[in-house]
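Okay, structure first, notes after.
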Amino acid sequence: EVQLVQSGGGLVKAGGSLRLSCAASGFTFDDLAIGWFRQAPGKEREGVSCISSSDGNTYYTDSVKGRFTISSDNAKNTVYLQMNSLKPEDTAVYYCALDWECSVSSLTTATSDRYLEHWGQGTLVTVSS
């Protein structure tokens, strides 16, 4: 029943921008959080950002802070990730996921050590030099 459908992504030059979307259904978003994660080639999947719908709290991993902005449209039950000033190191497959919390800990803890059952299908972001 829970579904997360992603859109966005693509190829962009360094310094450019992209906006990712994650449309959620099948759960009460007000009581939960949505996180953005990414997996670069040869690297572990890492937390990028998250938002808690109940209180609006947002968190970002240090490498994207100041460049990425997470937001939500509660009426559409959709979460966005606006990515500006993109760097080649941002190249990765980006995933959104239903999360039980949104905190520094939830972003920094290895995803393999956390139980996250519901994921979007992923979208590739490629940033060229």
Side-chain angles (χ1 to χ4, degrees):
E1 183 174 346
V2 174
Q3 293 188 69
L4 302 172
V5 180
Q6 297 180 226
S7 61
L11 176 64
V12 66
K13 293 184 65 176
S17 299
L18 286 172
R19 189 191 194 196
L20 307 182
S21 298
C22 179
S25 63
F27 65 94
T28 304
F29 190 47
D30 286 347
D31 297 331
L32 298 166
I34 294 291
W36 285 100
F37 304 81
R38 68 185 181 186
Q39 188 164 17
K43 295 185 178 181
E44 300 286 332
R45 188 172 298 184
E46 64 174 349
V48 176
S49 183
C50 63
I51 184 168
S52 175
S53 293
S54 61
D55 56 20
N57 286 346
T58 60
Y59 293 89
Y60 302 88
T61 191
D62 287 343
S63 63
V64 309
K65 193 172 184 179
R67 300 187 297 118
F68 291 10
T69 302
I70 190 170
S71 62
S72 64
D73 184 335
N74 296 131
K76 296 181 178 179
N77 217 37
T78 299
V79 171
Y80 305 94
L81 185 67
Q82 178 67 44
M83 305 183 294
N84 298 327
S85 302
L86 283 162
K87 305 175 180 179
E89 64 194 55
D90 295 318
T91 295
V93 177
Y94 285 71
Y95 302 87
C96 62
L98 177 66
D99 208 339
W100 314 113
E101 64 178 305
C102 177
S103 64
V104 173
S105 177
S106 71
L107 290 181
T108 58
T109 301
T111 56
S112 60
D113 293 331
R114 305 187 64 238
Y115 181 70
L116 300 177
E117 183 179 2
H118 303 290
W119 294 82
Q121 78 276 21
T123 185
L124 177 63
V125 171
T126 302
V127 184
S128 63
S129 301

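Below, all heavy atoms of this structure are taken into account, side chains as well, without hydrogens, waters or symmetry copies.
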Is the side chain of Ser106 donor-acceptor paired with the backbone N or O of Ser103 at a distance under 3.5 Å, no angle test?
yes
Taking the six-membered ring for Trp, are Tyr94 and Phe68 parallel (under 30°), tilted (30 to 60°) or perpendicular (over 60°)?
tilted
Between CD on residue Glu46 and OG1 on residue Thr111, distance to nearest 0.5 Å:
9.5 Å
Assigning hydrophobic clusters by single linkage (Ile, Leu, Val, Met, Phe, Trp, Tyr; side-chain heavy-atom cutoff under 4.5 Å), is Val93 placed with Phe37?
yes
Is the CD atom of Gln121 crowded by more than 12 outside heavy atoms at less than 6.0 Å?
yes
Would the distance check show the side chain of Asp99 and the main-chain N or O of Ala33 forming a donor-acceptor pair, the cut-off being under 3.5 Å?
no
In one Ile/Leu/Val/Met/Phe/Trp/Tyr side-chain cluster, 4.5 Å: Leu18, Val48
yes
Run the side chain to side chain contact (heavy atoms under 4.5 Å, CB included) test on Leu107 and Cys50 for me, step by step, so that the C-alpha distance in whole Å, both residues' side-chain angles and the decisive distance to 0.1 Å come before the verdict.
CA-CA 8 Å; Leu107 290 181; Cys50 63; 4.1 Å; yes
For residues Ile34 and Leu98, report the shortest heavy-atom separation together with the two atoms involved.
CD1-CA, 4.0 Å
Nearest-0.5 Å distance that lies between atom NZ in Lys13 and atom OG in Ser129
10.0 Å
For Trp119, is the NZ or CZ atom of Arg114 found under 6.0 angstrom from the centre of its six-membered ring and inside 45 degrees of the ring axis?
no
Least distance between heavy atoms, Ile51 atom then Ser72 atom:
CD1-OG, 3.7 Å
Would you say Ile70 and Leu86 are hydrophobically clustered, going by side-chain heavy atoms of ILVMFWY under 4.5 Å?
yes
Measuring only between side-chain heavy atoms, which start at C-beta, is Asn74 closer than 4.5 Å to Ser53?
yes
Minimum heavy-atom distance between Gln39 and Glu44, given as atom pair plus value
CG-C, 4.2 Å
Taking the side chain as every heavy atom from C-beta outward, state whether Val125 and Met83 have any pair of such atoms under 4.5 Å apart.
yes
Yes or no on side chain to side chain contact (heavy atoms under 4.5 Å, CB included) for Ser7 and Thr123, after CA distance, side-chain angles and deciding distance?
CA-CA 7 Å; Ser7 61; Thr123 185; over 6 Å; no
Verify the cluster assignment for Leu116 and Trp36: are they in a single hydrophobic cluster under the rule of side-chain heavy atoms below 4.5 Å apart?
no
Check for me whether Arg19 meets the cation-pi criterion with Tyr80, that is, NZ or CZ under 6.0 Å from the six-membered ring centre and within 45 degrees of the ring axis.
yes
Check step by step if side chain to side chain donor-acceptor pair (under 3.5 Å) holds for Asn84 and Ser17.
CA-CA 4 Å; Asn84 298 327; Ser17 299; 2.8 Å; yes
Treating Ile, Leu, Val, Met, Phe, Trp and Tyr as nodes and any side-chain heavy-atom pair under 4.5 angstrom as an edge, say whether Val2 and Leu32 lie in one connected cluster.
yes
Is the backbone N or O of Gly122 less than 3.5 Å from a side-chain atom of Gln6, with the two atoms forming a donor-acceptor pair by type?
yes
For side chain to side chain contact (heavy atoms under 4.5 Å, CB included), just list the numbers for Arg38 and Lys43, CA-CA rounded to whole Å, side-chain angles, deciding distance to a tenth of an Å, and then say yes or no.
CA-CA 9 Å; Arg38 68 185 181 186; Lys43 295 185 178 181; over 6 Å; no
Nearest heavy-atom contact between Leu124 and Ala92 is CD1-O, 3.6 Å
Is the gap between the ring centers of Trp100 and Tyr115 under 6.0 Å?
no
Side chain to side chain contact (heavy atoms under 4.5 Å, CB included), that's the test. Do Thr69 and Tyr60 meet it? Break it down for me.
CA-CA 8 Å; Thr69 302; Tyr60 302 88; 3.9 Å; yes
Measure across Leu4 and His118 and return the closest heavy-atom pair with its distance rounded to 0.1 Å.
CD1-O, 3.2 Å
Heavy-atom side-chain proximity of Tyr59 to Ser52 below 4.5 angstrom:
no
Roughly how far apart are Ser85 OG and Arg67 CZ, rounded to 0.5 Å?
7.0 Å
Over all atoms of both residues, closest heavy-atom pair of Ser21 and Thr78
CB-CG2, 4.4 Å
